[in-house]
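Heads up: the structure comes next, in structure tokens.
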Amino acid sequence: MNDTLLFDSYTSPIPELRRDIQVIPVQNNGTSVLYFHDVMGYTTPNFALDSQTETVLSLINGKTSVKEICDLSNGNISQDELLEFVQLLDQHRILNTKHFRTFSNRIEKEFEKLSVRKPILNGSSYPDREEEIQQYLNDLYQDQSAATAQSFKALYAPHIDLRVGEEQYAEAFSTLKHLQPKRVVILATSHYAGYFPDQYEGTPFIGSEKTFRLPHRSFETDQAYLKKLAENAPGFTLSDRAHRIEHSIEIHLLLISEIWKHDVEIVPILVGSLDEMMYHPEGDIADKLNRFSKKLNKLDTPDTFYLISGDLSHIGKKFGDSVHADLMKPNVEQIDKRFLNASVRNNPEDLLSEISEHFDSSRICGFPPLFTFMNAFPELHGEQINYHWWDEQRTESAVSFGSILYK
């Protein structure tokens with residue numbers, strides 16, 4: 001840490017708290033604390049403050065200075081004390097300051113230079129040790145039999161937390177046991193590209209050349225394929241910082257690590273927002289999508305398989321809705337049904353129409369990667385495998401997810 005970068009002024013506005021941090025009230029050994037959850041992983045792990053600091057935190061809004069806040073406190077806090085508190089926040093990357101931006105930019109640039117993408121879910125969503133992972137996967141698939149030999153070409157499957165979707169994952173991925181592809185192209189939802197607007201504006205397709213490592217196995221990328229994909233490809237980039245904390249590919253790699261023991265190369269591609277197409281179906285993003293999809297089709301071979309990683313609707317207060325998810329479900333289930341029906345028919349025009357009709361009001365995160373795949377391979381036929389909900393009553397929210405096989 002470079003202390004000279006810390007905020008150090010009594011009269012300048014204090015930079016606001018980072019908007020991408022969730023401040024969550026929790027109980028810790030009988031004490032009420034505020035836990036700072038940073039999805040990007042920049043903040044010091046497990047950073048928390050006494051809940052009594054909430055009032056001061058609410059005044060740090062990018063407009064008020066140390067002096068102004070102290071004046072509002074009627075002498076209950078000194079300027080030196082408050083500045084020390086502000087610098088504590090700055091040290092732990094809570095504020096949107098020069099210190100934070102310097103730190104976060106260094107983290108991302110260091111990641112981009114690496115040749116290996118390390119796992120992020122081990123020890124939380126799935127075990128951390130090799131022998132425990134093997135037992136976990138054995139148990140996951142033990143009651144599932146392989147499908148009869150068919151020429152499956154792709155699987156659309158969730159990336160919901162493994163702990164709540166185990167049965168649905170096992171049902172979907174067990175259908176692939178009889179296959180032995182040499183290459184797996186993974187089209188996956190990008191949850192974090194939006195955090196880097198300068199990097200990914202107008203660039204929805206984000207590849208990576210890194211080796212993807214799990215605790216028990218590594219997957220090499222198909223460098224030759226990625227090189228061809230990148231040739232004259234507006235909308236596609238190999239600048240891969242969006243992959244650093246992304247879980248949508250890692251979950252699928254864990255699941256295929258058990259069903260495909262042979263050597264297989266991967267092509268990991270995150271697909272960012274295609275929202276522009278709801279308003280401008282023939283605009284810039286549409287052109288880039290069409291060109292990218294055609295290239296996917298051109299590079300296809302009989303021994304290439306496609307995994308499309310995406311969930312369905314995200315509803316309830318956790319996702320910005322004003323009402324409990326339970327009250328929204330009947331309507332959203334119909335939205336999901338129409339989405340899945342259009343996807344099974346493999347009709348990209350119908351799928352875009354369904355999404356555009358309600359402007360993706362239920363936040364179907366699997367739309368971008370699935371829509372991309374459907375545009376690339378419109379001749380395939382889909383078969384729905386499952387559909388399920390995860391209810392998080394604590395937050396009055398829910399997520400739906402399902403799976404489709406294409407052949």
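Numbers here simply count residues along the sequence, with the first being 1.
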- Item | Ion pair check, R363 and D321, cut-off under 4.0 Å | yes
- Looking at side-chain heavy atoms only, is the closest gap between P181 and V184 below 4.5 Å? yes
- Query: Mind checking what makes side chain to side chain donor-acceptor pair (under 3.5 Å) contact with H247, not counting sequence neighbours?
  - Reply: none
- Determine which pairs satisfy side-chain hydrogen bond (donor to acceptor under 3.5 Å, both in side chains) with at least one residue from residues 202-212, sequence neighbours left out, and list them in order. S208-D240, K210-D240, T211-E220
- Task: Please determine, by modelled atom types, if Q27 and S32 share a side-chain donor-acceptor pair under 3.5 angstrom.
- Result: yes
- Message: Working to the nearest 0.5 angstrom, can you tell me the gap between S322 OG and K317 NZ?
- Response: 8.0 Å
- Does some side-chain heavy atom of I94 sit less than 4.5 Å from a side-chain heavy atom of F100? no
- Message: Can you see whether R18 engages T43 through a side-chain donor-acceptor pair at a distance of less than 3.5 angstrom?
- Response: yes
- Item | Over all atoms of both residues, closest heavy-atom pair of I249 and A188 | CG1-CB, 3.5 Å
- Atom pair CD1/CG of I206 and L238 - distance to nearest 0.5 Å: 10.5 Å
- Task: Report the distance from atom CG of L351 to atom CZ of R345, rounding to the nearest 0.5 Å.
- Result: 9.0 Å
- Atom pair CG (D139) and CD (Q134), whose distance is rounded to the nearest 0.5 Å: 10.0 Å
- May I ask you to check if R241 and F196 form a cation-pi contact, with NZ or CZ under 6.0 angstrom from the six-membered ring centre and within 45° of the axis? yes
- Query: With side chains defined as the heavy atoms from C-beta onward, is the minimum distance between S356 and M277 less than 4.5 Å?
  - Reply: no
- For E112 and S239, test the side chains for any donor-to-acceptor distance below 3.5 angstrom and give the result as yes or no. yes
- Item | Parallel, tilted or perpendicular, as decided by the 30° and 60° cut-offs, for the rings of Y192 and Y195 | tilted
- Item | Over all atoms of both residues, closest heavy-atom pair of P268 and H243 | O-CE1, 3.8 Å
- May I have the step-by-step check of side-chain hydrogen bond (donor to acceptor under 3.5 Å, both in side chains) for N138 and Q142, ending in yes or no? CA-CA 6 Å; N138 286 340; Q142 67 176 353; over 6 Å; no
- Task: Inspect the contact between E16 and K63 and indicate whether a charged nitrogen and a carboxylate oxygen are less than 4.0 angstrom apart.
- Result: no
- Given side chain to side chain contact (heavy atoms under 4.5 Å, CB included), test S313 with V399 step by step and report yes or no. CA-CA 6 Å; S313 293; V399 178; over 6 Å; no
- Query: Ignoring hydrogens and geometry, is there a side-chain-to-backbone donor-acceptor pair from D50 to V33 under 3.5 Å?
  - Reply: no
- Query: Parallel, tilted or perpendicular: which fits the ring planes of F103 and H99, with parallel below 30° and perpendicular above 60°?
  - Reply: tilted
- Check the side chains of N386 and E171 for a donor-acceptor pair under 3.5 angstrom, ignoring hydrogens and angles. yes
- Task: Using the ring-ring contact (aromatic ring centres under 6.0 Å, His included) rule, pick out the option among F292, F236, Y200 that qualifies with F205.
- Result: F292
- Query: If you measure from the Lys or Arg side-chain nitrogens to the Asp or Glu carboxylate oxygens, is any gap between E392 and K318 under 4.0 Å?
  - Reply: yes
- Query: Under 6.0 Å between the ring centres of Y306 and F377?
  - Reply: yes
- With respect to F305, which candidate in W260, F152, F173 satisfies the ring-ring contact (aromatic ring centres under 6.0 Å, His included) definition? W260
- Please step through side-chain hydrogen bond (donor to acceptor under 3.5 Å, both in side chains) for the pair T55 and S58, ending with a clear verdict. CA-CA 5 Å; T55 300; S58 69; 5.5 Å; no
- Query: Are D222 and K182 ion-paired here, with the side-chain N under 4.0 Å from a carboxylate O?
  - Reply: no
- Task: Kindly compute the distance separating OG (S400) from CG (L312), expressed to the nearest 0.5 Å.
- Result: 4.5 Å
- Hey, are T31 and N29 close enough side-chain-wise for a donor-acceptor pair under 3.5 Å? no
- Query: Are any non-hydrogen side-chain atoms of F7 and P15 less than 4.5 angstrom apart?
  - Reply: yes
- The side chain to side chain donor-acceptor pair (under 3.5 Å) partners of H216 (sequence neighbours excluded) come to S257
- Item | R291 side chain vs P234 backbone, donor-acceptor pair below 3.5 Å | no
- Task: Would you tell me whether N346 and Y406 have side-chain atoms, one donor and one acceptor, within less than 3.5 Å of each other?
- Result: no
- Query: Is there a side-chain contact between K337 and L340 (heavy atoms, below 4.5 Å)?
  - Reply: no
- Query: Relative to the ring of F339, is the ring of Y156 parallel (under 30°), tilted (30 to 60°) or perpendicular (over 60°)?
  - Reply: tilted
- Message: Any donor-acceptor pair under 3.5 Å linking the side-chain atoms of Y136 with those of E258?
- Response: no
- Query: If you take all heavy atoms of L34 and P25, which pair is closest and at what distance?
  - Reply: CD2-CA, 4.2 Å
- Message: Less than 3.5 Å apart, any donor N or O on the side chain of H159 or S248 sitting next to an acceptor on the other?
- Response: no
- Query: Would a distance-only check, ignoring hydrogens and angles, find a side-chain to backbone donor-acceptor pair under 3.5 Å from E276 to I285?
  - Reply: yes
- Working to the nearest 0.5 Å, report the span between CZ of F371 and CE of M374. 7.5 Å
- Taking every non-hydrogen atom, the tightest pair across A286 and P281: CB-O, 3.2 Å
- Can we say E354 and R338 salt-bridge, meaning some charged N sits less than 4.0 Å from an Asp/Glu carboxylate O? yes
- Message: If the threshold is 4.0 Å, N to carboxylate O, is there a salt bridge linking K329 and D391?
- Response: yes
- Query: Considering all heavy atoms of both residues, which atom of S362 and which atom of V332 are nearest to each other, and what is their separation?
  - Reply: CB-CG1, 4.0 Å
- Item | Heavy-atom pair with the smallest gap, counting every atom of H191 and C365 | NE2-SG, 4.2 Å
- May I ask you to check whether E54 and S51 show a side-chain donor-acceptor distance below 3.5 Å? no
